[in-house]
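Here's a structure for you.
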Amino acid sequence: MHLRKLFLLLITVITLDPAFSQSSWFWQQPVPTGNLFYCAKLVNAQTGYAAGVLGTIIKTTNGGNNWFALNSGIRVTFRAIDFVDANTGVITGDTGTLVRTTNGGLNWSRQNIAGGNTILRGIDFAKGSSTVGYIAADNGLVYKTTNAGLNWTSINPGTTNPLISVSFLDSLNGIMGGVAIVLKTTDGGLNWSANSLGLGGFDFLNSVSYTDLSIAYALREEGTYFKTTDGGNNWTQYLLNLPDIGVNGDIARAMSFADVNTGFIISDFGRILRTSNGGTNWQRDSAYTRYDSRIGLFWGLSVLDADNVLISGSGGKVLRSTNSGSEWNIQNGFKKSLYGNFFTNENTGYSVGDSGKILKTTNAGDNWIELSSGTAKKLNSVFFVDENTGYAVGDTGTIVKTTNAGNVWVSQNSGLTSLYKNINDVYFLNSDTGIAAVDSGKVIKTTNGGNNWSTYFTGYQNSLLSVYLINSNTGFSCSSIAIYKTLNGGVNWTIQANGLSGRGNDITFSDSLNGICVSSTNEIYKSTNGGNNWTRIIILD
């Protein structure tokens, strides 16, 4: 079953029976979730937690070999996490909300301790204390507990700057980082001293780390950090030299020190920095730099001791090191994005995506295996003529074909030579005749099973996103601004609808008259006369 047909089926199910639609879809990859984790916490060498968007919480009890989901009971985005022991912990988040557990995450109680628009960004239970903890909030207030998070009182530290990060050496001595400010207290929050560090109004101190009464660190988002060796009276700024990727600058997301010497920093682009001499030198692990050309890879960092480190991030990413960062074990996430799928029967299906990824299932999606595609190019679409013969197409004119159900894929020459030659969709009418939608208003067509492809121009420069053949002569394609039709097998094309009258990301026909073109999350176009006219349909929530 082709992806576009699955989408049509989903629309029908949602329209006719919302309850059925909710109970018939199950998360499959990555397990246990693909949601972004903003924060992580190693409680001990075996027990760890990560939390993030939509109230997502996961836990491990065997050092990260396996992770399982916990039910927080809410869908608030979680920003920070800390535990006083393996059972009692607090997770803070948006809308002034936190959740607390006393039984290792089996149950969570919800509290709203600040205004509905307030984000609780940082939390830290004081070292050596099982009861005293502090929260940094973006309303410029500090929240304190003396009973392990059961109750919280607000403290005004004398600033209106949003507060982001917090680190307490003990129940009395702590620092907080915010927007262009670092705060320090030596009496448990009764009094605070402020230092702007010479920063401006858009400088975020994403992490602070208090290692002893003299030494503390503050991490600046723009790729620098500050260090004090006299208890916070004076701070010196140091460069991290995080390389840019293209026109994008990297962002320093989190910093944590195990002791006065050993510390870690993670970045938005997936870099891991480690120091063993208090920040004098940093070793950079670039193994995750530009992974899949993504940004926002790493967000959460937890350093239990000099050996045990946990990192969390987007797409359900969790990494763990047990040897002070010499090696990293990917425990969850780092899945490639998938853009197309096709089922040859109710059990056997294929999905394709980034970096030449091709996945196959033979048990209706319960399990997936990775196939070797022979390419590292992004694959956008896949189509099977029968149970053995299939095609996958993608960027820079990539076409690969299999004749043995995906065991071996052989590259084909698309014939595309221009600069804009990404292939976005492929459709086969039979074992010989196939057509593909290409950037810059082009289609390519084969009549001999892909041995040769001919290029045709629609006459319009817009990238074609989807293509469909009703028969050897009649076919359709669509772009972000129009729907096109051919009556001579793709040689010539005319616009059937454009603007608000028709545009789309995917197009299909159930027969020669009835077609659907999907435009956006709540907009489709329907034809009942062979694509000559299209009616816009808005799907209301």
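As the structure is a computational prediction, the values presented were derived from the model and not from experiment.
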Test of ring centre spacing under 6.0 Å for Y350 and F342: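 For Y350 and F342, the ring centres are not under 6.0 Å apart.
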Does K377 reach the main-chain N or O of D354 with its side chain, forming a donor-acceptor pair under 3.5 Å?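 Flag not set: sc K377 to bb D354 has no pair under 3.5 Å.
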Counting heavy atoms not belonging to N117, are there more than 12 under 6.0 Å from its CG? no
Electrostatic pair R253:D268 at N-O distance under 4.0 angstrom: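 Yes, charged N to carboxylate O under 4.0 Å.
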Consider only side-chain N and O atoms of R121 and T92, and report whether a donor and an acceptor are under 3.5 Å apart. no
Inter-residue atom distance Q283.CD - S326.OG, 0.5 Å rounding: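 Reported value, rounded in 0.5 Å steps: 8.0 Å.
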Within 6.0 angstrom of Y420 OH, more than 12 heavy atoms from elsewhere: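 It does not: Y420 OH has 12 such atoms or fewer within range.
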Do the charged groups of R271 and D250 touch, with an N to O distance under 4.0 Å?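 The answer is yes: the pair qualifies as a salt bridge.
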Cation over ring face, K317 and F298, 6.0 Å, 45°: no
Results of salt bridge (charged side-chain N to carboxylate O under 4.0 Å, His left out) for R220 - residues two or more places apart only: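 Counting only residues at least two positions away or on another chain, R220 forms a salt bridge (charged side-chain N to carboxylate O under 4.0 Å, His left out) with D203.
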N422 and N380: side chain to side chain donor-acceptor pair (under 3.5 Å), yes or no, with the steps? CA-CA 9 Å; N422 293 337; N380 299 313; over 6 Å; no
So, T348 side chain and N345 main chain: donor-acceptor pair closer than 3.5 Å or not? no
Can a donor-acceptor pair be found, under 3.5 Å and without considering hydrogens, that links the side chain of T389 to the backbone of D386?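 Side chain of T389 to backbone of D386: no pair is present.
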Quick check against the 3.5 Å criterion: does S267 have a side-chain atom that pairs as donor or acceptor with the backbone of A252?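 No.
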Going by atom types only, do N404 and T402 share a side-chain donor-acceptor pair under 3.5 Å? yes
Provide the closest heavy-atom pair for G504 versus C517 in the form atom of the first, atom of the second, distance. CA-SG, 3.5 Å
Do V518 and N505 come within less than 4.5 Å of each other through their side chains, counting heavy atoms only?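 No, too far: nothing below the 4.5 Å cut-off.
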Any heavy-atom pair between the side chains of I516 and Y525 that's under 4.5 Å?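 Y525 does not reach I516 side chain to side chain.
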Sub-3.5 Å donor-acceptor pair from the side chain of T433 to the main-chain atoms of N430, do we have one? no
Test item: side-chain donor near acceptor, Q331 and W67, under 3.5 Å: yes
Output, in order, the C-alpha distance, side-chain angles, deciding distance and verdict of side-chain contact (heavy atoms from CB on, under 4.5 Å) for I311 and I272. CA-CA 9 Å; I311 296 172; I272 305 170; 3.7 Å; yes
Taking all atoms of both residues into account, what is the closest heavy-atom pair of V99 and W108, and its distance? CG2-CE3, 3.6 Å
So, do F428 and Y391 have ring centers that fall under 6.0 Å from each other?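 When the ring centroids of F428 and Y391 are compared, they turn out to be within the sub-6.0 Å range.
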Which residues satisfy the side-chain hydrogen bond (donor to acceptor under 3.5 Å, both in side chains) test with Y38, sequence neighbours excluded? none
So, for S351 and L338, which heavy atoms are closest and what is the spacing to 0.1 Å? CB-CD1, 4.0 Å
Under 3.5 Å, is there a donor-acceptor pair between the S479 and N462 side chains? no
Checking N413 now: which residues fulfil side chain to side chain contact (heavy atoms under 4.5 Å, CB included) with it, not counting sequence neighbours? none
Can you name the side chain to side chain contact (heavy atoms under 4.5 Å, CB included) partners of T528, sequence neighbours left out?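 In terms of side chain to side chain contact (heavy atoms under 4.5 Å, CB included), with neighbours along the sequence ignored, T528 is linked to N514, K526.
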I want to check something: taking the side chain as every heavy atom from C-beta on, are T97 and R110 in contact at a cut-off of under 4.5 Å?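 Yes. Closest side-chain heavy atoms under 4.5 Å.
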Backbone N/O of G63 and side chain of Q46: donor-acceptor pair under 3.5 Å: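 Answer holds: yes.
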I need the S431 OG to N388 CG distance, nearest 0.5 Å.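 It comes to 12.5 Å.
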With no hydrogens and no angle check, just 3.5 Å: does a side-chain donor-acceptor pair link N532 and K485?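 A pair is found: one side chain offers a donor N or O, the other an acceptor, under 3.5 Å apart.
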Residue of the set L465, V467, L464, V393 for which side-chain contact (heavy atoms from CB on, under 4.5 Å) holds with N424: L465
Do any N or O atoms from the side chain of S256 and from the backbone of L301 form a donor-acceptor pair under 3.5 angstrom? no
Let me confirm one number: the CG-CD1 distance from L219 to I251, rounded to the nearest 0.5 Å. 11.0 Å
If we only count heavy atoms from C-beta on, is the R284 to P243 side-chain gap below 4.5 Å? yes
With side chain to side chain donor-acceptor pair (under 3.5 Å) as the criterion, how do Q496 and T494 come out once you've worked through the C-alpha distance, each side chain's angles and the decisive distance to 0.1 Å? CA-CA 6 Å; Q496 298 300 108; T494 58; 3.1 Å; yes
N492 backbone acceptor or donor facing T486 side chain under 3.5 Å: yes
Straight-line distance of N71 CG to T56 OG1, nearest 0.5 Å: 10.5 Å
Nearest atoms (heavy-atom pairs only) where I358 meets A392: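 Closest approach of I358 to A392, heavy atoms only: CD1-CB, 4.5 Å.
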Just to verify, which of W493, F476, Y460 counts as forming a ring pair (Phe, Tyr, Trp, His ring centres under 6.0 Å) with Y484? Y460
Between W328 and R320, is there a side-chain heavy-atom distance shorter than 4.5 Å?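 Of all side-chain heavy-atom pairs linking W328 with R320, none is under 4.5 Å.
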Do T455 and L416 have side chains that get closer than 4.5 Å, going by heavy atoms? yes
Might you point out which heavy atoms bring K41 and I81 nearest each other, and give the distance in Å? CB-CG2, 3.8 Å
Donor-acceptor contact present, side-chain T446 to main-chain N452, <3.5 Å: yes
How far apart are the closest heavy atoms of N473 and N471, and which atoms are they? N-OD1, 2.9 Å
Does either side chain, that of D425 or that of S466, offer a donor lying less than 3.5 Å from an acceptor on the other one?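 Side-chain D/A pair, D425 to S466: present.
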What's the spacing between S440 OG and K442 NZ if we round to 0.5 Å?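 If we round to the nearest 0.5 Å, S440:OG and K442:NZ are 4.0 Å apart.
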Donor-acceptor pair between N529 and S527 side chains, under 3.5 angstrom: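 On atom types as modelled, these side chains qualify, holding a pair under 3.5 Å.
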Suppose the criterion is salt bridge (charged side-chain N to carboxylate O under 4.0 Å, His left out): which pairs have a residue in residues 52-80, not counting sequence neighbours? R79-D94
Using a 4.5 Å cut-off on heavy atoms from C-beta on, say whether the side chain of L240 contacts that of L273. yes
Between I57 and I91, is any pair of side-chain heavy atoms under 4.5 Å apart? yes
For the backbone of E327 and the side chain of S321, can you confirm whether one donor and one acceptor N or O come within less than 3.5 Å of each other? yes
Just how far is it from atom CG of L469 to atom CZ of F509, taken to the nearest 0.5 Å?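 So the CG of L469 and the CZ of F509 are separated by 11.0 Å.
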For F78, all residues meeting ring pair (Phe, Tyr, Trp, His ring centres under 6.0 Å), sequence neighbours excluded: none
One pair to check against side chain to side chain donor-acceptor pair (under 3.5 Å): T508 and D506. What are the steps and the verdict? CA-CA 7 Å; T508 189; D506 201 6; over 6 Å; no
